[in-house]
Amino acid sequence: MEVNQPKRMFSLRWLVAVSIFFLALLSVAIWFMWPRDTVEVDPYVRDYGTLEQLTRFSNFRLAYLRANGGEASLDSLQSVRVTGVFESGGQSLPFFSLKRRPSQSITTITFPNYELTYVVNGDLIWQRLLVPGAAPLYEVKTGDEAAALARMGDFFDPIMRVLLFDEGTIERLSPSSWMGTPAVKVEFITKDGDMRAYAYVEIENMRPLVRVEELAGGQERKVLYSDYRSVSGMQEPFLVETYLNDVLESRVILEKSGVNVGAVASLFQPPQDLVPLQIEEMSPASVNSAAEAPAPSE
């Protein structure tokens with residue numbers, strides 16, 4: 001009973017909050033952590049163009065990539081590691097995250113009485129629950145829960161994926177401002193239309209100030225970036241706040257960050273007894289069985 005209790009405590013609400021916080025964290029890591037000593041242009045040049053010029057896609061793309069080190073530097077970025085504190089629901093929880101291209105991630109959150117780790121290894125998504133004095137518990141994630149967690153494996157932020165890999169579409173760039181700061185409003189849709197959002201990117205340093213996601217049922221999620229500090233010559237937000245319908249949902253406070261750290265593929269491999277389970281669930285027989293099952297009544 002003592003071992004199973006933490007699993008019950010980690011409700012769906014926490015799962016959603018964790019997914020949200022890591023998406024925000026991912027944006028922070030990729031947008032702002034690349035060292036200045038590898039940029040392709042003069043690191044002290046800040047003139048990316050006028051607000052009107054930056055509303056043209058070719059100019060915006062060039063400036064956005066240049067502010068993040070340029071395509072060559074971004075191509076050589078292979079791993080990101082961050083540590084900090086995640087605050088939500090009245091709790092303040094330490095976390096550690098390690099990401100490796102193209103789609104691998106480990107996220108560990110330390111609760112008062114247990115430790116929870118999510119791992120994304122391509123299409124295989126699994127969880128480890130560690131309670132002091134007990135054997136680790138492992139579980140393969142499937143269905144909607146796996147789909148929510150799969151985003152943790154995305155290495156680049158949504159706008160960067162659109163600009164670098166055409167994984168989505170920028171629908172409109174328009175001159176605007178956020179809290180009095182001149183900014184380009186970027187309206188975009190990610191690949192397969194799984195996220196429709198817009199962001200305000202200030203034009204002096206080409207860094208996003210806020211991203212707003214349009215959710216089902218007319219709801220709105222807003223991610224704010226602030227407390228910028230210099231990291232290897234770049235400005236990085238150490239505070240990321242997420243709001244749902246203007247109500248604070250979670251806060252991420254970064255403490256340390258690093259890039260191109262040791263991240264071998266074996267770190268993301270699950271215990272051997274989990275692999276057959278995942279293969280069985282994805283087998284043709286399982287797919288056919290699901291297809292033959294009667295549709296739920298409305």
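Excluded from the calculations below are hydrogen atoms, water molecules and symmetry mates; all remaining heavy atoms, backbone and side chain alike, are included.
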Participant: Got a sec, which residues hit side chain to side chain contact (heavy atoms under 4.5 Å, CB included) with S92, two or more places apart in sequence or on another chain?
Facilitator: V85, E87
Participant: What residues form a side-chain hydrogen bond (donor to acceptor under 3.5 Å, both in side chains) with E171, not counting sequence neighbours?
Facilitator: R196
Participant: Can you list, pair by pair, the side-chain donor-acceptor contacts under 3.5 Å of residues 172-187, counting residues two or more places apart and other chains?
Facilitator:
none

Participant: State which residues pass salt bridge (Lys or Arg N to Asp or Glu O under 4.0 Å) with R61; sequence neighbours excluded, sorted by chain then number.
Facilitator: E71
Participant: What residues form a salt bridge (Lys or Arg N to Asp or Glu O under 4.0 Å) with D246, not counting sequence neighbours?
Facilitator: K222
Participant: For residues V131 and Y114, report the shortest heavy-atom separation together with the two atoms involved.
Facilitator: CG2-CB, 4.0 Å
Participant: Check the pair F57, F60 against ring-ring contact (aromatic ring centres under 6.0 Å, His included), reporting the backbone distance first and the verdict last.
Facilitator: CA-CA 5 Å; F57 178 79; F60 179 85; 7.6 Å; no
Participant: Of all residues at least two apart in sequence or in a different chain, which pass the side-chain hydrogen bond (donor to acceptor under 3.5 Å, both in side chains) check with N121?
Facilitator: Q104
Participant: So, using side chain to side chain contact (heavy atoms under 4.5 Å, CB included) as the criterion, who are the partners of P112 when residues are at least two apart?
Facilitator: Q91, L93
Participant: Provide the closest heavy-atom pair for V210 versus L224 in the form atom of the first, atom of the second, distance.
Facilitator: CG2-CD1, 3.7 Å
Participant: Taking only residues two or more places apart in sequence or in another chain, which ones pass side-chain hydrogen bond (donor to acceptor under 3.5 Å, both in side chains) with T108?
Facilitator: T117
Participant: Return the set of residues passing side chain to side chain contact (heavy atoms under 4.5 Å, CB included) with S103 (not counting sequence neighbours), or none when no residue passes.
Facilitator: none
Participant: For E214, enumerate each residue passing the salt bridge (Lys or Arg N to Asp or Glu O under 4.0 Å) test, keeping only those at least two apart in sequence or located in another chain.
Facilitator: none
Participant: If you group Ile, Leu, Val, Met, Phe, Trp and Tyr whenever their side-chain heavy atoms sit less than 4.5 Å apart, what else falls in with L215?
Facilitator: L244
Participant: Partners of Q219 by side-chain hydrogen bond (donor to acceptor under 3.5 Å, both in side chains), sequence neighbours excluded?
Facilitator: N245
Participant: Answer yes or no: is there a donor N or O on one side and an acceptor on the other, between the side chain of E202 and the main chain of N205, under 3.5 Å?
Facilitator: yes
Participant: Can you tell me how the ring of Y198 sits relative to the ring of Y200, calling it parallel under 30°, perpendicular over 60° and tilted otherwise?
Facilitator: perpendicular
